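Worth saying up front: this structure is predicted, and the values here are computed from it rather than measured.
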Amino acid sequence: MRERPLSIFREDADTFASYAEVAVDVGGQGGDQLFTYGVPPALASRVAPGKQVFVPFGEGRARVSGVVFRITMNPPAGRVVIKPIADVSSSANELTEEGRELALWLARDALATIGQAVRLLLPPGATDERVHARMVLSCHPAPEARDPDLIQQALRHAPAQKACWDTICSSPGLTPAEVAARNRCTRAAVTSLVRRGWVLLRPREIRRTPPSVAQRMERNGVRLTDAQAEALRCMTSDLQAPAYRSYLLHGVTGSGKTEVYLRAIELVLARGAQAIVLVPEIALTPQTVARFQERFGDRVAVLHSGLGRGERYDEWWRIRRGEVSVVVGARSAVFAPCTNLGLIVVDEEHETSYKQEESPRYHARDVAIWRARWWSVPVILGSATPSLETLFATQQGAAVRLNLPERAQGQPLPVVRVVDMRRHGGVPLFAPELVEALGSHLDRGQQALLFLNRRGYAPALICPECGYVAQCSICSVNLCYHEEDRTLRCHYCGARSRPPTVCPHCGSRFLRLRGVGTERVAQEVARLFPKARVLRMDLDTTGVQGSHQRIYEAFRTGEADVLVGTQMVAKGWDVAGVTLVGVIQADIGLRQPDYRGPERTFQLLCQVAGRAGRGALPGEVIVQTYAPEHYAIRHGVQQDFDAFAEEELALRAHAGFPPFGHLVRLLAWSPNARAAEDGAVALGEALRPLPEAVSLWGPSEAPLKQLRGQFRWHLALQGPDGAVLRSLAARALGACARHARGVHLAADPDPVSML
Ligand SMILES: [Zn+2]
Ligand SMILES: [Zn+2]
């Protein structure tokens, strides 16, 4: 049987009690629009701003989830078809006023659809009607179902429904699946009870992950340094009588930023408010996370990727109900549904992982600042190597800079030596200086960390006779040789193949490996120092969950002498036994076609060098490079942030790059090379005419011109006003999306990668 279409015309509009503007969750569709639906009189008492509703969308009869943003009494102007809201979610999911404003802002700022933004702000899985119901709802007799006898009577010919009804009355709180299982029937029996209004579904109130960390409030006798105390003193009034202010806490590695966060949070908790702490990645910062748990015990919720969807849902509700005081998590924790927010901390605020690289492309630091403003509370952005955007904000008076110039335990910063690898002809892996230093530190029983931001054995297989280089067949990148299983691997799509024994071009049998990766470095250490115990930490050795932690623990407890690793080892770690840090090739990041290359190189050098000498013994750092005169390397080895920032800002100002201007990158990709190009050209045309002061680069092939079989083209808008660029990009995307076939189009505001 076909149902009548749900739509009615305006002439019949008085059948609606009111009209609701709804953000619908339809993936990438819908743009930044709200859609108007009619509110049937029967639902009028339950429809309100923030309520989750289910509405028909599109040509079919599909129901999608949506959130009501506004209620109006007047129908929209013009002759339009208005469909009614089909249902109101019986769950308690509701978007607060803050959430609605934040979603509207995200849609503009991250060039997302409102539906995508809303998804970030509701409990995990909440927009999926089916998953939601199956996973987290429990059955209760409806208060309206006052007359059980009448219900018994009505169900006398429906034994399955009757059995389920009895179960729900005698043990309310079971999920529909559990009720059905007890009565050996399908869930349809429960569903029909729900439909008749006798059973209500409510979010289950049982928590799936009881925390195991005991509450320990003692401070382990930590005394604050003068700089730490001064930083806290500056923030105290904003924390106690809360007011919005953005603070940059610039502290050299080991200067005790975490202790400042902890004390600031204590002040916030003392007045009954909540705090959010963002860290770049939970797995890479176990020590930081542990310190929050130690200090605040059960009042901490740690949101990490290991949680299942149900566990996340529970944590979400625990935060919403105010049972959690401190939320610690990576990027998406910035959306934690705190109802009495007092402070947001963004640790390592310069990290690019705070930017989501797929739609919605939000930056967690920007969201943190938005929320702090909304709540009129402070936000602390901490880093040893602040982003130039944040530094610039302090220079403009938009943020307050606080400095921690010394290490908390008074250890000196390590002595750094730069080795010019051009002096050592050929391509030796280790300069004699590094070999000698490794030998003497190992002889003294001390530990060494060797850093190379490239995994595998060798990054290229080449034919010296004809110039052939082995490349991935579906990505435009060189294949990397891995010794452990003797394969060539693509680090972008993961494809593996056997290396050819003869050159596929000229048939030469003298193929060569070129360059070095962490695997080769570890092998070379083992060859030079056969007694040394060597560990390696990179994506290849940390694939299994928890393996990162195991390698770290093994190294920290002295089970290994040398740790070789990629940027994973540069993060906020504290291994007291490390006295030597060797940087194998400091300039890798400078060769990428990306204006942020020098900034990343500087940050990594500072972070890596900061790992040395954190215990009682002084540290030594040896940096091998082919570009010792480059300012990112010179200032990086000195950990001189201000000197680096001065040079880099001058270059950025000259080029109009962020933070002096803004960029919006537009991408077109397709399995068909021509379609990708056409898509980019069409975008370029749709962007014109350009307003004054806005310039457009491209369209051109992206530096990574093919990725996983998709051909990629890009364009970039540049100009002084980010909002102007965003609305230009949104308009062009909207214009092209309608007739683009076989090509994906997207815009990336303030991109962190230009590849
Ligand atoms: Zn060849
Ligand atoms: Zn590939």
Does some side-chain heavy atom of [Y] sit less than 4.5 Å from a side-chain heavy atom of [X]?
| X | Y | answer |
| --- | --- | --- |
| I474 | C493 | yes |
| Y481 | L461 | no |
| I462 | L511 | no |
| T390 | H350 | no |

For [X] and [Y], I'd like to know if the aromatic rings sit close, meaning centre-to-centre distance below 6.0 Å.
| X | Y | value |
| --- | --- | --- |
| Y631 | F602 | no |
| Y362 | F335 | yes |
| W697 | Y595 | no |
| H630 | H635 | no |

Indicate the atoms forming the closest heavy-atom contact of [X] with [Y], along with that distance.
| X | Y | answer |
| --- | --- | --- |
| A655 | Q718 | O-NE2, 2.8 Å |
| S353 | R331 | O-NH1, 2.9 Å |
| A676 | F711 | CB-O, 3.5 Å |

request  = Check the pair S753, E357 against side chain to side chain donor-acceptor pair (under 3.5 Å), reporting the backbone distance first and the verdict last.
outcome  = CA-CA 9 Å; S753 164; E357 288 275 47; 4.8 Å; no

Side-chain ion pair, K355 and D748, N-O less than 4.0 Å =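 Answer for the salt bridge query: yes.
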
Lys/Arg-Asp/Glu bridge criterion (N-O < 4.0 Å) met for E629, R634 =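 Not counted as a salt bridge, because no side-chain N and carboxylate O are separated by less than 4.0 Å.
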
note = The salt bridge (charged side-chain N to carboxylate O under 4.0 Å, His left out) partners of E648 (sequence neighbours excluded) come to R652

ask   = Taking only residues at least two apart or on different chains, which pairs with a member in residues 459-475 satisfy side-chain hydrogen bond (donor to acceptor under 3.5 Å, both in side chains)?
value =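 Pairs touching residues 459-475 that pass the test: Q471-N478.
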
request  = Please identify each residue that fulfils side chain to side chain donor-acceptor pair (under 3.5 Å) with D587, with sequence neighbours left out.
outcome  = R591, T625

